[in-house]
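A note on names: the letters A, B, ... follow the listed sequences, proteins ahead of strands, and every chain is numbered from 1.
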There are 2 protein chains.
Amino acid sequence: MARTKEFNEDQALDKAIEIFWHKGYNGTSAQDLVNHLGLSRSSLYDTFGDKQKLFVKSLKRYQKQNLDSLNELFENAENIKTALTEIFKQAVIESLQDRITKGCFMVNSAVELAMHDPEIAKIVHDNQKVVEDVFCNAVRKGQKLGQISEKQDARSLARFIFNNYSGIRVLARAGEKDKQVYDDILKAIFSLF
Amino acid sequence: MARTKEFNEDQALDKAIEIFWHKGYNGTSAQDLVNHLGLSRSSLYDTFGDKQKLFVKSLKRYQKQNLDSLNELFENAENIKTALTEIFKQAVIESLQDRITKGCFMVNSAVELAMHDPEIAKIVHDNQKVVEDVFCNAVRKGQKLGQISEKQDARSLARFIFNNYSGIRVLARAGEKDKQVYDDILKAIFSLF
DNA sequence: AAAAATACGGAACAATCGTTCCTGAATTAG
DNA sequence: CTAATTCAGGAACGATTGTTCCGTATTTTT
């Protein structure tokens, strides 16, 4: 039979996520992928098909990773409102820590590709719905526990949270490094709960 | 002396805005520009230098157009809160009306290019500051007139508004066509004022 | 009318794009 | 050992990229 794969496909995908996230789809060349993944051209194409397929696989993997950690966070949280603030605070920390910030891979891909690639559009839209649901369930739970005000409809609040999360990721991608800007936004957001 | 230009430079720039807005910088080829602007390759390069310079000019023009209309709106508004809701409602209408939606040229450019092109980064950042200032002054005025609650700091509220506007434009670019999603977000936003 | 200047269309450029293919070495299972 | 399979490396593909250049037409000033 054949020899076994010498590289781990998931590790390679993580590398692909990194560079696509950083440079975008159109900004990443095949040579960039070869250099960054550490695979030969042939292995790369044999394993993943072509650039678009590799991108789709990367984005799906990213989506799953993020969703899993989001679900885990809410499951282990005893206070929902605190958990929500943690999510945003973490985003702010990430936005400030590096000289450059990549923002959110999903948001970046939505802006760059959703209009022109139906497959990407579906991934983005599905992600939006499922993340919105996670937020919505969390908010409902928080409201039942008396941790979140019931003045706002849970679905509405979930969509609102999602929207502000997107906005902050764009701000980060745009290179905003003033902590006060983020803090002001967060202050306004959480005055609603 | 020489003959006069047969095309209007500003009209050509408006055409450039259209296609860059639609396809992004990396997604727009020189051939796309020739086709869409209706100029020859030579005229295009003679007039605007190169692709990057044309993009910068387009983005700056877009920024000025948007800022002017924003200022005009607030100047003519007797009620600031109403004016703010109008801005968001207009964004929602635009998001829903066409089969495809381009979102915001500035947001798209920020996501695609700010990390990799310092000149674009500066335009994006300058725009953010000046738009934030416009919002801030408007909010202050609205608070003085008793049209906007004074519970929130004007600067904080301005940044919050900007953030949600970005988020909505990303949502539109991602192809969201469910009016209820936008309405839910708007409901949450304006419950703060 | 002559001269200067610019617009135009299109050919042509080198470079890079994504992708395919070939070769030989490596590794595994039977 | 043999056969099968996958690896890495790199040459090579045609297509497209952004850009330059040239010849000609056109318009304006002297």
Side-chain angles (χ1 to χ4, degrees), chain A residues 1-60 108-109 112-113 115-120, chain B residues 1-60 108-109 112-113 115-120:
Chain A
M1 285 283 284
R3 64 190 282 192
T4 53
K5 268 193 164 39
E6 292 189 3
F7 63 92
N8 182 295
E9 190 170 321
D10 282 341
Q11 285 178 2
L13 272 183
D14 285 335
K15 287 281 189 184
I17 289 174
E18 281 181 12
I19 191 155
F20 278 134
W21 192 351
H22 179 64
K23 294 194 162 194
Y25 179 79
N26 287 311
T28 303
S29 69
Q31 190 56 47
D32 286 334
L33 290 167
V34 169
N35 294 342
H36 200 256
L37 302 211
L39 302 184
S40 65
R41 260 177 161 61
S42 37
S43 299
L44 204 156
Y45 276 86
D46 284 349
T47 309
F48 298 108
D50 59 19
K51 185 182 168 185
Q52 198 266 358
K53 290 201 184 79
L54 174 56
F55 187 89
V56 166
K57 266 197 181 170
S58 303
L59 187 58
K60 282 182 176 172
N108 299 352
S109 303
E112 184 186 5
L113 301 170
M115 277 189 74
H116 308 286
D117 186 329
E119 200 172 354
I120 304 291
Chain B
M1 284 285 282
R3 65 190 282 193
T4 54
K5 268 193 164 39
E6 293 190 3
F7 61 93
N8 181 294
E9 191 170 320
D10 282 342
Q11 284 179 2
L13 271 182
D14 285 335
K15 287 281 189 184
I17 289 174
E18 281 181 14
I19 191 155
F20 277 135
W21 191 352
H22 179 63
K23 294 192 161 195
Y25 179 80
N26 286 311
T28 303
S29 68
Q31 190 56 47
D32 287 334
L33 291 167
V34 169
N35 295 342
H36 197 77
L37 302 211
L39 302 185
S40 68
R41 263 177 158 62
S42 38
S43 299
L44 205 155
Y45 276 86
D46 283 350
T47 309
F48 299 107
D50 60 17
K51 185 181 166 185
Q52 198 266 358
K53 290 201 185 81
L54 174 57
F55 187 89
V56 167
K57 267 196 179 168
S58 304
L59 188 58
K60 282 183 177 172
N108 299 353
S109 303
E112 185 187 5
L113 301 170
M115 276 190 75
H116 307 284
D117 186 329
E119 200 172 356
I120 304 291

Report the C-alpha separation of Asp32(B) and Ser29(B) in whole Å, then their side-chain angles, then the decisive distance to 0.1 Å, and conclude whether the side chain to side chain donor-acceptor pair (under 3.5 Å) test is met.
CA-CA 5 Å; Asp32(B) 287 334; Ser29(B) 68; 3.2 Å; yes
Between [N] atom [atom2] and [X] atom [atom1], what is the distance in whole Å?
X: Phe48(B); N: dT6(C); atom1: CZ; atom2: P; result: 16 Å
X: Ile19(A); N: dG18(C); atom1: CD1; atom2: P; result: 11 Å
X: Lys23(B); N: dT16(D); atom1: NZ; atom2: P; result: 13 Å
X: Asp46(A); N: dT20(C); atom1: CG; atom2: P; result: 10 Å
X: Gln31(B); N: dG10(C); atom1: CD; atom2: C1'; result: 11 Å
X: Leu44(B); N: dT6(C); atom1: CG; atom2: P; result: 18 Å
X: Leu37(A); N: dG9(D); atom1: CG; atom2: C1'; result: 16 Å
X: Asn35(B); N: dT16(D); atom1: CG; atom2: P; result: 13 Å

Which of these nucleotides, [options], is closest to any side-chain atom of [X]?
X: Tyr45(B); options: dA7(C), dG18(C), dT20(D); answer: dT20(D)
X: Lys51(B); options: dT19(D), dA8(D), dT19(C); answer: dT19(D)
X: Arg41(A); options: dC17(C), dG10(D), dT19(D); answer: dG10(D)

Counting only side-chain N and O atoms of Ser42(A), is one of them less than 4.0 Å from OP1 or OP2 of dA8(D)?
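Indeed not, no polar side-chain atom of Ser42(A) lies that close.
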Out of curiosity, Leu13(B) CG to Phe20(B) CZ, how far, rounded to the nearest 0.5 Å?
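Output value for this atom pair is 10.0 Å.
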Look up atom OH in Tyr25(B) and atom OG in Ser58(B), then write down how far apart they are to the nearest 0.5 Å.
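Nearest 0.5 Å value for the OH-OG distance: 11.0 Å.
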Over all strands shown, is Asp50(A) touching base, sugar-phosphate only, or nothing at heavy-atom distances under 4.0 angstrom?
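Sugar-phosphate, no base atom in range.
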How far apart are the closest heavy atoms of Ala16(A) and Leu54(A), and which atoms are they?
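Heavy atoms of Ala16(A) and Leu54(A) come nearest at CB-CD1, 4.0 Å.
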